[in-house]
Amino acid sequence: MPQLKIIPELFLGNIRVRFAPSPTGYLHVGGLRTALYNYLFARKNRGQFILRIEDTDRNRFVEGAAENLIEALKWCGLQFDEGPDIGGTFGPYMQSQRLDIYQKYVQELISHGVAYYCFCSTQRLEALKEEQQKQKLLQAKYDKHCLALSKKEVEEKLANKDSFVIRLNVEPNHRIIFDDIVRGRVEFDSNNVDDQVLIKSDGYPTYHLANVVDDHLMQISHVIRGEEWLSSTPKHVLLYDSFKWKRPVFAHLPLLLNPDRSKLSKRQGDVAVEDYRTKGFLKEALVNFVALLGWNAGDDQEFYYMEELIEKFTLERVNKSGAVFDLEKLNWLNAEHLRKKSNEDILILLKQEIHHSQFSTLPAGRQVLNYSDSYLLQVIAAMKERVSFVKEYLTKSPYFFEPPKEFEETAVQKNWKPETPAQLKKLSNEFNLLVANPAKEDYEHALHKVAEELNVGKGKLIHPLRLAVSGMSTGPGVFDIVVILGKEETISRINKALEIIKTS
RNA sequence: GGCGCGUUCGUCUAGUGGUCCAGGACGCCGCCCUCUCAAGGCGGAGAUCACGGGUUCGACCCCCGUACGCGCUACCA
């Protein structure tokens, strides 16, 4: 039989996907990528994007984790259509609130012989595992010991309140086949599939049961999740088939990797979306970057806005192999996105940055530097193509926020000659003669005039001026700096530098 | 160990049998622009397409095997 090609258009209007994280802390960038692909796929096909919290492991419960997840998702711009905080027609969206549902369905499984009670102690299970390993059995799995229990025996143990789990009864000797959009056809031998626990002894379901029941009840059309789930998909497929439910379309995404190609982990860098947010990355850049880790449109475009990603995204173009999370490209994308923003948008971000910086309060007697919007807008225009992060407006050009306290040593050696002080003094006198609010050209003409009178190249004045006024040897054109600082401040800084550098 | 998935420049990737002695992007190097630094433009280095067998007139592309990597192998997701 030829492999059925899944054409998204056929599902138009019925596309429903979900991001189903377990609330164990923060939103992992790998999780973001999974959520993003789900979101893009849903938006592209006018479907719904659902958030479901898989909190069925009480041992790993972390206070506030679900809230963090939601907050991080929203920050990234991934707005879901149904979820725990906003509700929806298929709720509740927290699995811990759906326990009775799982009970109902697992009973149905039991009545059909697809699932069974198991009263084995952990000791017996451990002993069994040990024994199987000793015998070098091909694969260790449960021996179906409790499947042999009679109905009466089961009832007695249940009445006796013996501790139990409910297991999936996997029939041996057959092939389990399913199609995956990114992997193609995948086959497993049922002999390699364990009688997985469906309901734990605490009454909570395992992921395998809960995920299948919920995806069906929530009418999920496409299960788009990480590759780590590929190996347990046969269990899920068995469940769908046993219930006689339609299987969703599966798409297992490649993993995100550390630079050494191991699974992306905290030990080798930041993995939480929150980490990148506090480091000053723009959400646009993070989303753009993560989208390209495992997917591309087939053309040469690298810079994307969310809207373009939605327009171009298809699951068929998702890669099969894992991708290293490489900061270099993220940095570049951040710079690109930052530069593409309007100065007004950057102004908002810069003001937030200043608010959290050492420059949030003006030093006394420095009123000449006011952080008015128009002033900051000039700083932005001057520095825009020189920064990759908003915070660099402060770290790369601190001189726009306070007079230089130190002067770059190497620049002093290179540009501060014995004749420099006299020349700069003359320049500052010339500046002093300028009109009240000199324009860039006024400063240029003044400097040109002084250079001619001194019979020196303009560079002999420009470099010392830059140094005097900024303390640095790099940055925007000196005349741009000087115009932004203003006449008074410029002259004051020249004089101050003359004092400091002379004495050193 | 078993099962599954993967393997194109350092990294992200294009490539679906001839147009590929493999294209783009990041990073790196050089040149141009220039008062500096960026940005921008131009150019360069960088991949025996993991390896070995097939199939074919012809393979990065199809098949088989090997190696390596990763995932799963829980009453975790």
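Naming: A, B, ... by sequence-line order, numbering from 1 per chain. Just so it is clear, the values below take in all heavy atoms, side chains as well, and ignore hydrogens, waters and symmetry mates. Small disclaimer: the values here were computed from a predicted structure and weren't measured.
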Counterpart base for C21(B), defined by Watson-Crick or G-U wobble contacts under 3.5 Å: none

With both distances kept under 3.5 Å, what pairs with A39(B), Watson-Crick or G-U wobble? none

Can you check whether S232(A) has a side-chain N or O nearer than 4.0 Å to OP1 or OP2 of U73(B)? no

Regarding A39(B), can its base be found pairing with the side chain of K384(A) as donor and acceptor, where the two atoms are less than 3.5 Å apart? no

On a plain distance test, is the side chain of R60(A) in donor-acceptor contact with the base of C76(B) below 3.5 Å? yes

When the nearest nucleotide of RNA chain B is assigned to T206(A) and to R175(A) on a heavy-atom basis, which residue is associated with the more 5' position? R175(A)

W295(A) CH2 to G15(B) P, straight-line distance once rounded to whole Å: 12 Å

Measuring only the P atom in each nucleotide, how far is C21(B) from C29(B)? A whole number of Å is fine. 31 Å

For a quick check of understanding: with a heavy-atom distance under 4.0 Å over all strands, which category does T56(A) fall into, base, sugar-phosphate or nothing? sugar-phosphate

Take atom C1' in C70(B) and the same atom in C75(B), then report the distance between them in whole Å. 27 Å

Check the distance between G4(B)'s P and F178(A)'s CZ and give it to me in whole angstrom. 11 Å

Provide the Watson-Crick or G-U wobble partner of C62(B), both distances under 3.5 Å; none if there is no partner. G54(B)

Is C49(B) paired to anything, Watson-Crick or G-U wobble with both distances less than 3.5 Å, and if yes, which nucleotide? none

Is R317(A) close enough to G15(B) that one of its side-chain N or O atoms is under 4.0 Å from OP1 or OP2 there? yes

Is there a side-chain contact between K235(A) and the phosphate of A74(B), meaning an N or O under 4.0 Å from OP1 or OP2? no

Please classify the nucleic acid contact of V165(A) as base, sugar-phosphate, or nothing, using heavy-atom distances under 4.0 Å. base

Can you see if the side chain of K200(A) gets near the phosphate of A74(B) - specifically, an N or O under 4.0 Å from OP1 or OP2? no

Pairing partner of C75(B), by Watson-Crick or G-U wobble and under 3.5 Å for both distances, is none

Inter-nucleotide C1' distance (A25(B), U8(B)), Å rounded: 15 Å

Between K426(A) and E453(A), is there a side-chain N and carboxylate O pair less than 4.0 Å apart? yes

On the nucleotide U73(B), are OP1 or OP2 found under 4.0 Å from the side-chain N or O atoms that K129(A) carries? no

Electrostatic pair D299(A):K312(A) at N-O distance under 4.0 angstrom: yes

Is there a donor on the side chain of R386(A) or the base of C37(B) sitting less than 3.5 Å from an acceptor on the other? yes

Sort and list the pairs that fulfil ring-ring contact (aromatic ring centres under 6.0 Å, His included) and have at least one residue in residues 164-187 of chain A, not counting sequence neighbours. Y117(A)-F164(A), F178(A)-F250(A)

Using the ring-ring contact (aromatic ring centres under 6.0 Å, His included) criterion, which residues pair with F431(A)? Sequence neighbours excluded. Y443(A)

Determine the interplanar angle of the F325(A) and F289(A) rings, folded into 0 to 90°, and report it as parallel if under 30°, tilted if 30 to 60°, perpendicular if over 60°. perpendicular

Flag the pair K341(A) and E284(A) as a salt bridge only when some basic side-chain nitrogen lies within less than 4.0 angstrom of an acidic carboxylate oxygen. yes

Does N192(A) place a side-chain N or O at less than 4.0 Å from the phosphate oxygens OP1/OP2 of G2(B)? no

Walking RNA chain B from its 5' end, the first of K440(A) and A20(A) to be reached, judged by nearest nucleotide, is K440(A)

Going by modelled atom types, is there a donor-acceptor pair between the base of G4(B) and the side chain of E187(A) at under 3.5 Å? no

How would you label the contact of V197(A) with the nucleic acid (heavy atoms, under 4.0 Å): base, sugar-phosphate, or nothing? sugar-phosphate

Would you call the rings of H208(A) and H236(A) parallel, tilted or perpendicular, taking 30° and 60° as the class edges? tilted

Taking atom P in both G65(B) and C5(B), compute the distance separating them and give it to the nearest angstrom. 12 Å

Between the base of C35(B) and the side chain of K458(A), is one N or O donor paired with an acceptor at under 3.5 angstrom? no

In whole Å, measure the gap between the C1' atoms of C51(B) and A45(B) for me. 26 Å

Take atom P in G6(B) and the same atom in C28(B), then report the distance between them in whole Å. 34 Å

Taking 4.0 angstrom as the limit, do D241(A) and R247(A) come out as a salt bridge? yes

Could you state the atom-to-atom distance from CG of L230(A) to C1' of U73(B) in whole Å? 13 Å

Can you tell me the Watson-Crick or wobble partner of C68(B), both distances under 3.5 angstrom? G6(B)

Applying a 3.5 Å limit to both distances, which nucleotide forms a Watson-Crick or G-U wobble pair with C33(B)? none

Taking G69(B) as the reference, what is the distance to C60(B) when you measure between their P atoms (whole Å, please)? 26 Å

Could you tell me how far apart L256(A) (CG) and C70(B) (C1') are, to the nearest whole angstrom? 13 Å

Between U7(B) and G46(B), how many Å separate the two P atoms, rounded to a whole number? 25 Å

Picking from G4(B), U13(B), C35(B), the nucleotide nearest the side-chain atoms of N319(A) would be U13(B)

